[in-house]
Amino acid sequence: MRAKTAMKPDPRLHFQAPLLETPFHPRTSAANRLNAWVPWGGYSTVLEFEDLAMEHSAIRNAATVYDLCPMVKYRVRGREAAAYLNRLTVRNVAKLQVGSVHYTIWCDDAGKIVDDGTLFRLADDDYRICCQERHLPWLLDSAHGFDVTIEEVTEEIAALSLQGPCSYAVLKAAGFDVETLKPFRIATFPVDGGELMISRTGFTGDLGYELWTSPDRALALWDRLFEAGALYGIRPIGSAALDMARTEAGFIITNLDFIPAHQAVREDRVRSPFDMSLDWMIDWEKGHFNGRRALLAEREKGSEWAFVGLDIEGNVSAEHAIIYHDKKHEVGQITAACWSPTVKRNIALAHVKRPYHAEKSGNLWVEIYAMRELQYVKLMLKARICERPFFKPARRTATPPGLF
Amino acid sequence: MIYDAVIIGAGHNGLVTAAYLARAGLKVMVVEKNDWVGGAAVSRELYPGFTYSNCSYVSSLFRPEIMRDLELPKHGLQILPYEGGAVFTEGDGYLGMHRNHDANRREIARHSPRDAEAYDRYARDVLRHCRFIRPMLLRTAADPASFRPRDMAELAWLGKQMFGLSEMAMYDMIRFWTMSIADFLDEYFENGVVKAYQAVASIIGTALGPMSPGTAYVLLHHAMGDVDGNVGAWGFARGGMGSITKALTASLTAAGGEVRTGSGVAKILVRNGRATGVVLENGDEVHGKRVVSNMDVKRTFLKHVDEAELPGTFLKRVRNFKIRGSSGKLNIALDRAPKFTALPEGSPYMKGDMHFTDSIEKMERAYDDWKAGHFSRDPFQDMMIPTMIDPTMTPPGKHFMSCFIQYAPPKIEGNDWTDQDRDAFAETVLNQIEAHAPGFKSSVLHYEVRTPRELEKEVGLTEGNIFQGELTFDQLLFNRPVPGYAQYRSPIRDLWICGSSTHPGGGVMGAPGRNAASEILRDMAKPSKDMSDAYAVL
C-alpha cells in the first residue's frame, strides 16, 4: 500500500467534488440544520442555517457570522501598485491610506462596469482587491507597463463577516480591542503564531467587522467568536438573510443587480457608473483610468439609466417586477426587493430609465405577480423613488462603538 | 405514376425535405442507391451485436424545430447529452472538459490560472456570434442582387440584425467571420493545450489548418447548435446516428411518403428545360413533377445532368466549388473499454470527445501533410465512445469507438487511395490510441476504415468532404453553393437541391432540407402549416 505523501489533494480529482468546501465548512455544516446549500463562486455555501427571520433579526439585534471565503481575492503588489490601481479603478487610490479600505468599481474601455469590490491597502505597495467575479486576464492586461505583480489569492485567505449591534461587544469579549477602529479602517492582531486582520467593513449597513486570516486558523477563529458571543446571541447566517440586510442597506451585488461587462451576452445589458448611480466615485482629476474617455462622453451626453431605491405601497415583495410609468409604459426593472422587517417598508432596488428616476418619477407603478396557493394575484402598486440606504443607524459609524 | 416530388438520396436532408413535403400533402418518393437509408447519418451492424455510427457520430446542430414538426421523438429519436471530454498531452497528462462551470474552471486552472478566468469571456463572445447566426439557419438566404420584394425584405431583416449590434460588435463580427482560429484564440488564451482543445471544432471536416483564415467561423458552425437549449452542447443519438434517419424515415412513411432503396440515380431526366424524374441505375424510371437532389452540388450537376442543359457560368462555378476531402474515420468494435493511462479512476472524460493533439502547431503540421498529398503522420482525432453512455449499441461491457481522423486527402500524392494506403492510415490511428492506452489494440474485435475514397464511393460525398462543400465565407449564405442559386433552385426548372451544399451548410442539421421544402411549398403556393417558426432567440 502506498503511503499518503502529501496533505494537498490531487488537483485532478476536482470532479469528485466540483464545489469546494470553505475552511469553515466543519462548523457551517454542523450548524446548517436545514442542510440548505447553494453554490457561490465555486464553493458550497449556506443559504439558510435554521430560520430566515431569526437570522435576519439577529443582524439587527445581536451578532451574526457570515462565511465570506468565496469572495474572489487578488493581491496587487509592487512599486507602481497605486498607479496601477488608479488606472484600473475609478476612485483615487492615492487618497487611500495604509490600513484603510474603500469601496470601488472598475470599468472596461467602453466605460461599462466590470465589477465592484473593496480595495484594501495593506502596506505602502501591497493591496488586496475583494470582489464577486473573476478577472485575472483583465487585471493582468491592464497592468501592461506597470511595475506590479498580481496574484489570485482566494484560497489563501479565510474570512468571516461579524455583523450586528453586538459585534463590537463580541470582539471585545474575544479579546480584540477595536474600540478606536473607525469605519473603513483596518487593525491587525497576533493570533497563535499568525495574524488576524480586522476591518470595520461589511455588507449589512449595520455595525460590523470583517475578519481575515489564514485557512489553517479558520476554525479557531470561528470557535473563539462563538465562545465570546454566546452571551450576545451570536449566530451564523446564510445568504438569504444577508440579502435582506444588504437590500435594506441599499448595496448591490454583481450579477444580481447588474450584469458585469465581461459577461453580458446581450450588449444592452451592460451598465456604466452613471447608470448604476455610482458616478460619485469617479475621480476625473486623477489622470487616465480604464473607461475614462467613454465616461467623459457619457457625462456630456447623458445616460440612459439610473439606479434607485423604491418604496412600494402595500406589503407584497416585488422581486424582479417591471416598473411602469402611468401604468402603461415600461420604464424599469426591479433587481432586489423585500418587505423590510427593519424599516417596515416594502423596499426595492431598481433600474429606471432616465428621467423617470427624477423629473418624471411622479407616476411610477410596479406590476407584481404574487403567487398565492398556485394562482397569481396580479397587483399594480404605486412606487415612490426614495433615498438609499433605507436603513442607516447611527451605531454603524459611531466610534467608539456602542456595547449593546 | 407521377410523384409530386422525387428526392434523390435518403440522407438526413433528403428525408427532412421529403417528410415536410409529404406532410403538406405531396406524393413523395425518395430514391437511395444503398440498400439502407441514412446517407452520412447512418448506423449499420458491421460486427455481430455492434451498431456503428459509420459516418457522422454526434449531434448538436440538428434543429429542434424539425424534431418537433416531424414528431421524431415519437418515431424513436432520443438525443443523449454527453458529459466530458479531454485532450491528452505529452508526458501522460491531459486537459479535461466539464459541463460543471466550476469544475471546468478548476481543470483549466491546472494548466493556466489566467486562462481559467479567461474562459467566461471567450464563451460569452462565441455565444454572441451564435446568437447572431442562429436565426439565419432556418431562413433562405436573401439574394443581395435581386430586387424581388421578398429578397428586399430579407435583406432589411438582416440589416436590422446588424443594426442591433454596437460598432465594436460589428467589427468583431466581421473579423470573426474571416479570421483564423489560432488568431481568435490568441485574443483570449495563453496556454497551448487550452487553445488546442478549443481549436478542435474549427478544423473538423475542413481542408484548412488552424492558422488558415476562415477557421474561426468553422468553430462557430460547431458551436451554434444545442442539446435542449444548452447552446454549444453535443450529444449522442441513442442507438447511433442512424436513429436520426430511421426516425425521419418512419415519420416520412407515416405521412404517406415512400422510400426506395438499392438503386441509385443514373440520370436526372430533363425535358424542355424542366426536370421530370430520374432514371435509376437498374433502368427503372421514376417520374415526378419535380426532382430534389440531396446529393452534393458537384455530384448533382456534373454527374447526373447533361452539361448541355446548364449555363456555362453556372457549370464553371460548380466545377470550382470547393469540396475538398480532408478527413477519414475508423469505426471500431472493442472487446472492452480502453484504459487511458493519463485519466484518473472515475473521471468522466471518456463520456465525450477525446483528442491526442495538444497544440495548434501540431494541428497545423498535420495539415501540412495534407497539403503535401499525404494523410497526417501524427493525425488529429475526434474520438468518442458513445457506448460509455448509450447501452443499446453493443453488448454490456463491449464498446463501440468512433474515431474521426484528420487530415486525409482525397488522393495520395496525386494517386487514388490504394488498400495499402488505407491500411497504413488505419495503423497510424490505432498506434496513436495504443500509445495512450496500452493494450488497446488487443481489444479490437473489428474495425471499419473510411478514407475519402470510401466516403465518396459509399456515401456519395464528392472527395469525401463531410460538409458537401467547404464552410468558408466565400461559400456561405447567399453564395452557397454558388452565387445566384442559393435558394435551393437550379438553372433547370423543377430541379431543386436540398443537401448540405446549400445554406446553411453541413453537419447533421436538417436546416438545408427544411429550407428547401419551404421554398418548394412557397413555389407551389402551398401553405407550410406543418412547419413551425424558428425558435426565437431571446
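As the structure is a computational prediction, the values presented were derived from the model and not from experiment. When reading the values below, keep in mind they use all heavy atoms of this one structure, side chains included, and skip hydrogens, waters and symmetry mates. Chain letters run A, B, ... following the sequence lines, proteins first, then strands; residues in each count from 1.
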Quick one, B:Asp120 and A:Arg134 - any side-chain contact, counting heavy atoms below 4.5 Å? no

With a 4.5 Å cut-off on side-chain heavy atoms, are B:Glu345 and A:Leu13 touching?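 A side-chain contact is absent here, since even the closest heavy-atom pair is not under 4.5 Å.
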
Considering residues, nucleotides and ligands other than [X], do more than 12 of their heavy atoms fall under 6.0 Å from its [atom1]?
| X | atom1 | result |
| --- | --- | --- |
| A:Glu155 | CD | no |
| A:His144 | NE2 | no |
| B:Met168 | CE | no |
| A:Asp268 | CG | yes |

Which atoms of [X] approach chain A - backbone, side chain, both or neither, heavy atom under 4.5 Å:
| X | answer |
| --- | --- |
| B:Phe132 | neither |
| B:Leu95 | neither |
| B:Tyr94 | side chain |

Specify the closest pair of heavy atoms between [X] and [Y], including all atoms of both residues, with the distance to one decimal.
| X | Y | answer |
| --- | --- | --- |
| B:Gly346 | A:Phe15 | O-CE1, 3.4 Å |
| A:Val265 | B:Arg128 | O-NE, 3.1 Å |
| B:Arg105 | A:Gly42 | NH2-CA, 3.9 Å |
| B:Arg114 | A:Leu140 | CG-CD1, 3.8 Å |
| B:Ala169 | A:Glu267 | CB-OE1, 3.2 Å |

Heavy-atom pair count under 4.5 Å with chain A, highest-scoring of B:Ser347, B:Pro113, B:Gly96: B:Ser347

Mind ranking B:Pro348, B:Ala118, B:Ser166 by heavy-atom pairs under 4.5 Å with chain A and telling me who comes out on top?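 Ranked by heavy-atom pairs under 4.5 Å with chain A, first place is B:Ser166.
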
Does this structure show an ion pair linking B:Arg110 with A:Asp10, if we count only N-O contacts that are shorter than 4.0 Å?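 No, no charged N to carboxylate O under 4.0 Å.
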
Please check if the side chain of B:Arg124 supplies one atom and the backbone of A:Ala261 the other of a donor-acceptor pair under 3.5 Å.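 Yes; judged by distance alone, with no hydrogens or angles, the pair exists.
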
Short side-chain to backbone donor-acceptor contact, B:Arg106 and A:Pro18, under 3.5 Å: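 Yes, B:Arg106 side chain to A:Pro18 backbone: donor-acceptor pair under 3.5 Å.
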
Under 4.5 Å, counting heavy-atom pairs only, tell me which of A:Arg12, A:Glu152, A:Gln263 racks up the most with chain B. A:Arg12

Interface moiety of A:Ala110 toward chain B, non-hydrogen atoms closer than 4.5 Å: neither

Residue part contacting chain B, namely of A:Leu139, when any heavy atom lies under 4.5 Å: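 Neither; nothing under 4.5 Å.
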
Can you tell me how far the CZ atom of A:Arg266 sits from the CZ atom of B:Arg131, to the nearest 0.5 Å? 4.0 Å

Parallel, tilted or perpendicular: ring planes of A:His14 versus B:His98, cut at 30 and 60 degrees: perpendicular

